[in-house]
Chemist: 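Handing you this structure, nothing more for now.
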Amino acid sequence: MQTEIVTKDQTKFVLQPNLKDYEALYKNFDWKNVHNEIEWFDNGELNAAYNAVDRHAKNHNKNKVALIYEAANGKIDKYTYLDLKHMTNKFANVLKKLGIVKGERVFLFLPRIPAVYASFLGTLKVGAIASTLFSAFGEEALLDRLGNSKAKAVVTTPDLKQRIDKIKDKLPDLTYIILVNNEPIQKIEGQSAMPITIDYNEEMKEASKEFEIEKTHPEDHAFLLYTSGSTGKSKGVVHAHMAVLQQHYTHKLIHDIHPEDIYWCTADHGWVTGISYGILGPLSNGATVLLYEGRFDPEGWYSALERHEVTLWYTAPTAIRMLMKAGEEITKKYNLSHLRHIYSVGEPLNPEGIRWGLKVFNLPFHDTWWQTETGSMLISNYPCMPIKLGSMGKPFPGIVAAVVDDTGQELPTNTEGHLAIKPGWPSMLRTLWGDEERYKKLFNNGWYITGDRARKDEDGYFWYIGRADDVIKTSGERVGPFEVESVLVEHPAIAEAGVIGKPDELRGEIIKAFVALRAGYTPNPELEEDIKKFVKQHLAAHAYPREIAFVDKLPKTRSGKIMRRLLRARELGLPEGDISTLED
Ligand code: WT7
């Protein structure tokens with residue numbers, strides 16, 4: 001089970017896995033027994049950013065590289081834990097100077113650059129709540145999230161700021177735009193209108209690198225991530241500082257982090273994976289993290305794996321399928337022998353992906369299952385446990401997972417039902433921002449209902465079956481059909497729209513829209529292109545319908561709700577099921 005590592009300078013070391021016996025640990029596990037894995041202040045206070053940064057900046061990790069940043073132009077910068085401490089302190093001081101206090105919302109709308117680390121962790125240090133926005137978001141998506149949370153400040157770049165400028169008049173609470181820019185910002189005459197633009201580089205230069213961290217309570221809110229459901233607008237999933245305990249411990253036991261590792265999580269910080277396993281989990285373990293700014297590109301990725309001697313790699317099925325498509329030959333051009341473990345998350349990992357990984361990396365991809373709401377990995381394949389190809393694995397120690405029926409009763413082995421989790425794990429969401437009612441609806445009969453359908457086999461392995469709701473997973477990114485439909489009907493040509501996820505070999509699912517046009521419009525290729533562009537611009541570049549079908553009308557219930565289930569069944573040639581509520 002141990003692995004031997006040889007680095008460029010031929011140093012050899014042998015690693016023992018952090019988790020040697022899954023069953024034994026699971027049997028007697030209690031979260032209380034691992035509280036000392038992280039560092040607490042007196043009186044049981046806890047700050048996730050302190051754990052991620054400061055506790056390492058005062059021990060032997062002080063001069064260890066925390067962050068390797070490879071810019072899109074290929075330039076490489078390295079930051080030690082002490083550097084990170086100073087950067088995050090400086091940012092905390094910038095916020096303090098602006099009067100931002102505990103509980104206020106600070107958003108990051110940034111590409112994958114080091115300012116993400118400085119501002120995310122700096123926000124946590126003042127006790128404010130950090131949130132992120134995926135850089136592909138358009139105006140509507142931004143307005144929903146910034147408006148719902150009453151954001152006080154947004155950290156962004158000049159390029160992305162243009163999209164904020166278009167909606168800022170509708171955001172009365174947005175007071176500051178903190179602009180990360182290579183060039184000094186031109187002082188604008190009489191700049192008094194809200195929001196006020198702040199020069200990140202200037203302020204960071206001037207700010208003190210000392211900061212007294214807010215002694216937050218483990219239950220204090222730390223970060224807020226918007227995600228999509230099947231109905232309504234996106235919901236703000238609220239996480240507490242306590243989440244860091246589970247992010248830390250899962251990263252340690254599942255990703256098997258060791259001091260010598262170079263770890264690369266390919267997810268963007270606009271999504272939960274980029275936060276929990278791009279920032280908090282690995283840094284809390286004192287890891288060296290690769291931040292790769294460039295876009296997906298097989299040769300670019302392989303050369304990054306080689307150049308940085310990546311040992312642990314956490315990625316997603318769509319990326320794996322795209323690498324498979326690029327072929328086996330190009331993998332031979334690179335030395336990928338440093339890889340020790342490889343992992344996957346976000347959508348079902350097909351057995352073909354695992355077999356291919358074994359062929360080209362000589363390693364199996366370990367699938368992990370979790371959600372924005374769960375804050376960290378809950379079901380997983382552990383390095384010490386045999387993999388059943390196609391299974392998500394087994395629940396992490398301390399996690400009770402089950403398959404339940406519509407009333408929340410546990411179902412027998414090998415029966416399909418709702419995947420459910422016993423509430424109370426440390427990184428569980430604490431509420432939905434401003435919507436406690438909707439939050440309560442996530443639970444049934446003492447279980448948290450995940451929205452996924454699954455079955456559990458006789459050995460306790462969980463198998464993913466599909467979503468129980470209409471949530472779409474395209475290239476691993478979660479998209480709510482209602483959000484897409486809302487934007488579609490704003491297009492002048494569209495009277496009504498229904499949106500579904502259509503299975504796709506490469507992307508898992510693609511978004512397909514069924515639209516009925518207003519009188520006077522006829523379907524044509526230009527209109528189709530125009531609709532796609534409209535959704536990209538208003539909602540998000542990743543959330544536009546790759547397929548559009550023009551229909552005369554949409555199947556609706558008598559109460560006027562579009563029957564997506566029926567659209568999907570018809571599209572896929574499946575049985576239509578119960579259509580007694582269909583309007584005519
Ligand atoms: C949904 C959560 C959690 C990190 C990124 C996604 C799907 C997630 C798996 C997996 C099959 C998976 C589920 C889940 N999903 N992991 N290993 N196998 N499906 O977070 O955007 O909140 O999406 O992603 O449907 O509910 P998210």
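Atom set for the values below is all heavy atoms of this structure, side chains included, hydrogens, waters and symmetry mates excluded. First listed ligand is number 1; within each ligand, the first listed atom is number 1.
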Chemist: Ignoring hydrogens and angles, state whether a donor on the side chain of D144 or S234 is under 3.5 Å from an acceptor on the partner side chain.
Modeler: no

Chemist: For ligand 1, find each of its N or O atoms that sits under 3.5 Å from a protein N or O atom, and tabulate the pairs with distances to one decimal place.
Modeler:
from: ligand 1; atom 1: 15 (N); to: G346; atom 2: O; distance (Å): 3.3
from: ligand 1; atom 1: 16 (N); to: G346; atom 2: N; distance (Å): 3.2
from: ligand 1; atom 1: 17 (N); to: D367; atom 2: OD1; distance (Å): 2.9
from: ligand 1; atom 1: 17 (N); to: D367; atom 2: OD2; distance (Å): 3.4
from: ligand 1; atom 1: 17 (N); to: T368; atom 2: O; distance (Å): 2.7
from: ligand 1; atom 1: 18 (N); to: E347; atom 2: O; distance (Å): 3.4
from: ligand 1; atom 1: 21 (O); to: K473; atom 2: NZ; distance (Å): 3.4
from: ligand 1; atom 1: 22 (O); to: T372; atom 2: N; distance (Å): 2.8
from: ligand 1; atom 1: 22 (O); to: T372; atom 2: OG1; distance (Å): 2.5
from: ligand 1; atom 1: 22 (O); to: R478; atom 2: NH1; distance (Å): 2.6
from: ligand 1; atom 1: 23 (O); to: K473; atom 2: NZ; distance (Å): 2.9
from: ligand 1; atom 1: 24 (O); to: G346; atom 2: O; distance (Å): 3.3
from: ligand 1; atom 1: 24 (O); to: K473; atom 2: NZ; distance (Å): 2.9
from: ligand 1; atom 1: 25 (O); to: D452; atom 2: OD1; distance (Å): 2.8
from: ligand 1; atom 1: 25 (O); to: D452; atom 2: OD2; distance (Å): 3.3
from: ligand 1; atom 1: 25 (O); to: Y464; atom 2: OH; distance (Å): 3.4
from: ligand 1; atom 1: 26 (O); to: Q371; atom 2: NE2; distance (Å): 2.8
from: ligand 1; atom 1: 26 (O); to: D452; atom 2: OD1; distance (Å): 3.0
from: ligand 1; atom 1: 26 (O); to: D452; atom 2: OD2; distance (Å): 2.9
from: ligand 1; atom 1: 26 (O); to: R467; atom 2: NH1; distance (Å): 2.7

Chemist: Suppose we call two aromatic rings close when their centres sit under 6.0 Å apart. Are W264 and H341 close by that rule?
Modeler: no

Chemist: For N51 and H248, does a side-chain donor sit closer than 3.5 Å to a side-chain acceptor?
Modeler: no

Chemist: Can you name the one residue among Y343, Y263, W370 that meets ring-ring contact (aromatic ring centres under 6.0 Å, His included) with Y277?
Modeler: W370

Chemist: Cation-pi between R145 and F137: NZ/CZ under 6.0 Å from ring centre and within 45° of the ring axis?
Modeler: yes

Chemist: Is a donor from one side chain sitting under 3.5 angstrom from an acceptor on the other, for T374 and Y448?
Modeler: no

